[in-house]
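Have a look at the structure below, then the notes.
A note on names: the letters A, B, ... follow the listed sequences, proteins ahead of strands, and every chain is numbered from 1. Computed over heavy atoms, backbone and side chain alike; hydrogens, waters and symmetry mates excluded.
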Number of protein chains: 2
Amino acid sequence: MAAEALARTLDTAAALCAQRGARLTPQRRRVLEILCRTERPLGAYEILDQLREGSRALAPPTVYRALDFLLEQGLAHRLESQHAFIGCRHPGCAHQSQFLICARCGRVIELSDAGVSERLAMAARARGFEAERPVVELIGICAGCASAEPAPDCPS
Amino acid sequence: MAAEALARTLDTAAALCAQRGARLTPQRRRVLEILCRTERPLGAYEILDQLREGSRALAPPTVYRALDFLLEQGLAHRLESQHAFIGCRHPGCAHQSQFLICARCGRVIELSDAGVSERLAMAARARGFEAERPVVELIGICAGCASAEPAPDCPS
DNA sequence: ACGAGATTGAAACATTATAACGTTTCCAGG
DNA sequence: CCTGGAAACGTTATAATGTTTCAATCTCGT
């Protein structure tokens, strides 16, 4: 994420937390910044490594606690299929997200497609199932990678 | 899964593998049986414990290899959000599945809702994304648990 | 300032998954 | 039969991910 966009995202996050009475402490803010600065999803231990760069020795719970907070606040998302985390691209918009995860370059597109959400809700309700936490992740090849590389079955 | 249904499922699996030239070895069959006998999804190490019951000392790769085979053949599914595995309820039907996972009782409903799949495909294609492996899991409360228990905000 | 509750630090531990290497089993072709 | 290559399996070790626990510290309303 570019510097200005990053600053904007962090400001939005701070505003949201203030408004909700949640505390975006320096540590949590730092984790959010690391997440948003990076295009790819990051594993908890990758985040930990970056947090430690100021030579401080931090333990895993530090990161997981910050992540828990960010997830609760909708400022970050967990990608279950990747065991990794990513900064939310549309913080504040209360929505259900779907993720398109490129298996080649690792980049992630975050959608909130109402049609998908509705269909899922319908399918669940039809079985008397009350969905609380949807996990919708499509692993595949993004447009950039598809055009940049030969098809998997291409000779040569 | 009931005994007869289990036997039928294992026969179907064997037939499918034979037809494909894949080898459903005793070990793989045993893992499939363990998976199908159980209502809930099982973690790899839970399967391992059951495999070991005949006092043999097996190591994790044994289970993971059997699971890889079963996943490839569409005889089992991995539930990413649970780090667990479940026997396929409709082996042979080439389909994309969605899973409704009850957070209370742990039971799983496997769907293959065409409407959901199509909507997802559309959303992906609109971004030039070619989906290869969909992960669609809804965590929530199943009908049985919802009726059996008081609402979460119910006093008493 | 004070105390309740939230946050953080730190060590140990638990769980899930894979790497690496060698051995056995299967089976098609000679 | 028998044998050579591939697939399956066994075993040890280790990587990667996530949690429990307890103590120390900070924050904020009163």
Side-chain angles (χ1 to χ4, degrees), chain A residues 13-14 17-32 34-35 40-73 75-86 106 133 135 137 139, chain B residues 13-14 17-18 20-32 34-35 40-73 75-86 106 135 137 139:
Chain A
C17 287
Q19 176 184 329
R20 293 169 183 164
R23 292 166 53 194
L24 184 64
T25 63
Q27 187 136 239
R28 292 165 172 174
R29 186 187 169 92
R30 190 132 172 260
V31 169
L32 178 58
I34 289 171
L35 276 177
R40 303 180 305 100
L42 291 176
Y45 283 72
E46 289 181 280
I47 298 169
L48 188 52
D49 287 342
Q50 293 199 36
L51 270 184
R52 280 169 170 160
E53 282 190 355
S55 82
R56 299 196 302 160
L58 296 178
T62 299
V63 172
Y64 282 103
R65 286 192 282 233
L67 286 170
D68 283 346
F69 174 85
L70 296 174
L71 294 176
E72 271 173 22
Q73 299 298 323
L75 299 173
H77 300 291
R78 166 186 229 119
L79 298 179
E80 297 285 355
S81 67
Q82 313 294 111
H83 306 283
F85 303 84
I86 192 166
R133 188 166 75 89
V135 173
E137 303 173 11
I139 294 99
Chain B
C17 288
R20 294 169 182 165
R23 292 168 52 195
L24 184 65
T25 63
Q27 188 139 233
R28 290 164 173 174
R29 186 188 168 92
R30 190 130 172 263
V31 170
L32 180 57
I34 289 171
L35 276 177
R40 304 180 305 102
L42 290 176
Y45 283 71
E46 290 182 280
I47 298 169
L48 189 51
D49 287 342
Q50 293 199 36
L51 270 184
R52 279 169 169 160
E53 283 191 355
S55 81
R56 300 194 300 160
L58 296 177
T62 298
V63 171
Y64 281 102
R65 285 194 281 234
L67 286 170
D68 283 346
F69 173 85
L70 296 173
L71 294 176
E72 272 173 21
Q73 298 299 322
L75 300 173
H77 300 291
R78 165 187 227 115
L79 297 179
E80 297 286 353
S81 66
Q82 313 295 111
H83 304 281
F85 302 85
I86 192 167
V135 172
E137 304 173 11
I139 295 99

If you draw the axis of the six-membered ring of B:F85, does the NZ or CZ of B:R78 fall within 45° of it and under 6.0 Å from the ring centre?
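Here B:R78 fails the 6.0 Å and 45° test against B:F85.
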If we check side-chain contact (heavy atoms from CB on, under 4.5 Å) with B:I47, which of these qualifies: B:L67, B:T62, B:L58?
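Among B:L67, B:T62, B:L58, the one that satisfies the side-chain contact (heavy atoms from CB on, under 4.5 Å) with B:I47 is B:L67.
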Centroid distance below 5.5 Å plus an interplanar angle below 30 degrees: do B:Y45 and C:dT16 meet both conditions?
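So yes, this residue stacks on that base, both cut-offs being met.
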Closest-nucleotide ordering on DNA chain D, the 5'-leading residue of A:P61 and A:E46
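Its nearest nucleotide lies further toward 5', so the answer is A:E46.
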Pick the closest DNA chain D nucleotide for B:H83 and for B:T62 by heavy atoms, then say which residue is nearer the 5' end.
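Looking at the nearest nucleotide for each, B:T62 comes out on the 5' side.
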Heavy atoms only: give me the nearest B:S81-A:V135 pair and the separation to one decimal.
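B:S81 and A:V135 have their closest heavy atoms at CB-CG2, 4.2 Å.
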Under 3.5 Å, is there any donor-acceptor pair linking the side chain of B:R65 to the base of D:dG10?
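By the distance-only test, yes, there is a pair.
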Any N or O donor-acceptor pair linking the side chain of B:R56 to the base of D:dG10 at under 3.5 Å?
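For B:R56, whose side chain was compared with the base of D:dG10, there is no donor-acceptor pair (under 3.5 Å).
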Is it the case that the side chain of B:R23 and the backbone of B:R28 share a donor-acceptor pair, with hydrogens and angles ignored and the cut-off at 3.5 Å?
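Not a single qualifying donor-acceptor pair exists.
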Would you say a side-chain N or O of A:Y64 is under 4.0 Å from OP1 or OP2 of D:dG18?
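Answer yes for this pair, as a side-chain N or O of A:Y64 is under 4.0 Å from OP1 or OP2.
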Is any side-chain nitrogen or oxygen of B:Q27 closer than 4.0 Å to OP1 or OP2 of D:dG10?
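Looking at the OP1 and OP2 atoms of D:dG10, one of them is under 4.0 Å from a side-chain N or O of B:Q27.
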With a 4.0 Å cut-off on heavy atoms, is B:R23 in touch with a base, just the backbone sugar-phosphate, or nothing at all?
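Contact class for B:R23: sugar-phosphate only.
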Tell me: [atom1] of [X] to [atom2] of [N], nearest whole Å?
| X | N | atom1 | atom2 | value |
| --- | --- | --- | --- | --- |
| A:L24 | C:dT7 | CG | P | 11 Å |
| B:F85 | C:dT15 | CZ | P | 16 Å |
| B:L58 | C:dT24 | CG | C1' | 15 Å |

